[in-house]
Amino acid sequence: MPTTDHFTFLHQAQRLKILCAGIASLILMVGIARFAYTPMLPLMQHQAGLGIAQGGWLAAFNYVGYFCGALIAANIVDLVKKDRLYRLGLVVALITTVGLGLTQNFWAWSVLRFFAGLSSAAGLLLGSGLVMHWLLRHQLRSELGIHFIGMGAGIFLTALFVYLAAGQISWQQHWFWLTAIGLLLAFPAWFWLPSPNTSGYNVSGDKMIDHPPSAQFIQTFMLAYFCAGVSYAVVITFIVAHVNQIAGQQDYGAITFMIIGLAAAPACIIWDLIARQLGNLNALLLAFILQLAGMLIPILSPGLIWTFIGAALFGGTFIGLVSLVLTMAGRYFPNRPAKMMGKMTLSYGVAQIAAPAAAGVLAQWSGSYTLSIIIACGTMFVGCCLIYRLRKLE
């Protein structure tokens, strides 16, 4: 007969497969479908004739898709439907990635970036919600933040690939190879995440009960997350192009983005540990302040070392900030984590739609991205103040 150790081993193996499925889905649907565009932007501007303002508009179209995906996620209650849309998102991520290398038409790119945004929302909200639901149902609350490693890993791996392949293959071939990598990731993302259990009970037989915060708390939280969305969207979209514009740093944009990804990869676990020591909101306030510092440092001290330090701070905090917010949503709503995650992401998404387009136009007018980043810093400061107020409300 099977022993207790045998069942424990099977449970541990299943837990590992669930976490790997979630990480693989985020690398594909967020890291490749969303973030590969950032290190690819200078290459597409140089080889494919993409203009500065057009680059901002393509980012905005991506965020419109992400916003629509968040809207859908916030209004779907049925776990089975969420599972189906998550799997559809895996397919869309692959199609939109390969599609970017098959055309040079701006409007075709716009449509592809829109649907890539939809797939990113499917990965970050629906996929994360399904992983969180499984972990909470199996009473593994302490592991909620591990799943989000995929975001940082996706940023680092795509930046590393673009950096290593630069000058070796064309911009179209970059997209084709990224699609091939994504296809490998799609297998664990699809087959290792089981269909969701819809019983509403955990494995011990206890009812999973939601504990929603007050309406005022949610509204203030959404406004603070909007501010974070503005700063994130501007920096993550244009950081490579911005660094490449600085005298003496023309070849270091992709490396800067790699540093962001490298710092982001372990950030979710680190910020989860910090939250256990300081509390969620104190950890969130610290993440807001350090992200603001990461944005300001390269502006105030534009040397290469300071640029790398700022990139590490930004990478180590923006992913941590997102994982803290979405993990808090899972703890408030164990039955329906994607509902609050969707609402929070709507505020983040509104910022991401407007900010890149405005920053691109402003950069074209001013000749650099510096002014756009300074405005994003001011917005992030407002976000810090709002998180401080949240601590009072709680």
Is there a side-chain contact (heavy atoms from CB on, under 4.5 Å) between Y86 and L193? Walk through the geometry before answering. CA-CA 10 Å; Y86 157 75; L193 188 65; 3.5 Å; yes

So, do [X] and [Y] sit near enough that their side-chain heavy atoms are less than 4.5 Å apart?
X    : Y    : value
L118 : C68  : yes
W134 : L19  : no
R389 : Q216 : yes
F308 : T256 : yes
L223 : S347 : no
M44  : W175 : yes
I259 : I255 : yes
I32  : L185 : yes

If only atom types and distance count, is the side chain of [X] paired as donor or acceptor with the main-chain N or O of [Y] below 3.5 Å?
X    : Y    : value
R391 : N282 : no
W109 : T103 : yes
S120 : M29  : yes
W271 : V322 : no

Report whether [X] and [Y] are members of the same hydrophobic cluster (ILVMFWY, side-chain heavy atoms less than 4.5 Å apart, transitive linking).
X    : Y    : value
L273 : L324 : yes
Y388 : L278 : yes
I218 : F288 : yes
F176 : L41  : no
L88  : L130 : yes

Would you please say whether a donor-acceptor pair under 3.5 Å links the side chains of Y63 and R34? yes

Value rounded to 0.5 Å, distance of [atom1] in [X] from [atom2] in [Y]:
X    : Y    : atom1 : atom2 : result
I155 : F318 : CD1   : CZ    : 3.5 Å
M380 : I289 : CE    : CD1   : 9.5 Å
F161 : M40  : CZ    : CE    : 8.5 Å
S119 : L28  : OG    : CG    : 7.5 Å
L390 : Y225 : CG    : OH    : 13.5 Å
L100 : L58  : CG    : CG    : 8.5 Å

Next on the checklist: Looking at W171, I want to see if its CH2 is surrounded by more than 12 non-hydrogen atoms of other residues, nucleotides or ligands under 6.0 Å.
Outcome noted: yes

Taking all heavy atoms of [X] and all of [Y], pick out the closest pair and write down the distance.
X    : Y    : result
L90  : A189 : CD2-CB, 3.8 Å
A33  : N62  : O-ND2, 4.5 Å
A36  : L178 : CB-CD1, 3.8 Å
G31  : T158 : O-CG2, 3.3 Å
G22  : V131 : CA-CG2, 4.0 Å
A122 : G89  : CB-CA, 4.0 Å

| request: Starting from the C-alpha separation in whole Å, work towards a yes-or-no answer on side-chain contact (heavy atoms from CB on, under 4.5 Å) for L386 and C227. | output: CA-CA 9 Å; L386 290 169; C227 294; 4.2 Å; yes

Practice task
Would you check, one step at a time, whether the test side-chain contact (heavy atoms from CB on, under 4.5 Å) holds for T96 with F114?
Solution key: CA-CA 9 Å; T96 54; F114 171 83; over 6 Å; no

If the plane angle is over 60° it's perpendicular, under 30° parallel, otherwise tilted; pick one for F217 and F221.
perpendicular

Problem set entry | Test log, rule side-chain contact (heavy atoms from CB on, under 4.5 Å), inputs V325 and M328 | CA-CA 5 Å; V325 169; M328 286 170 69; 5.5 Å; no

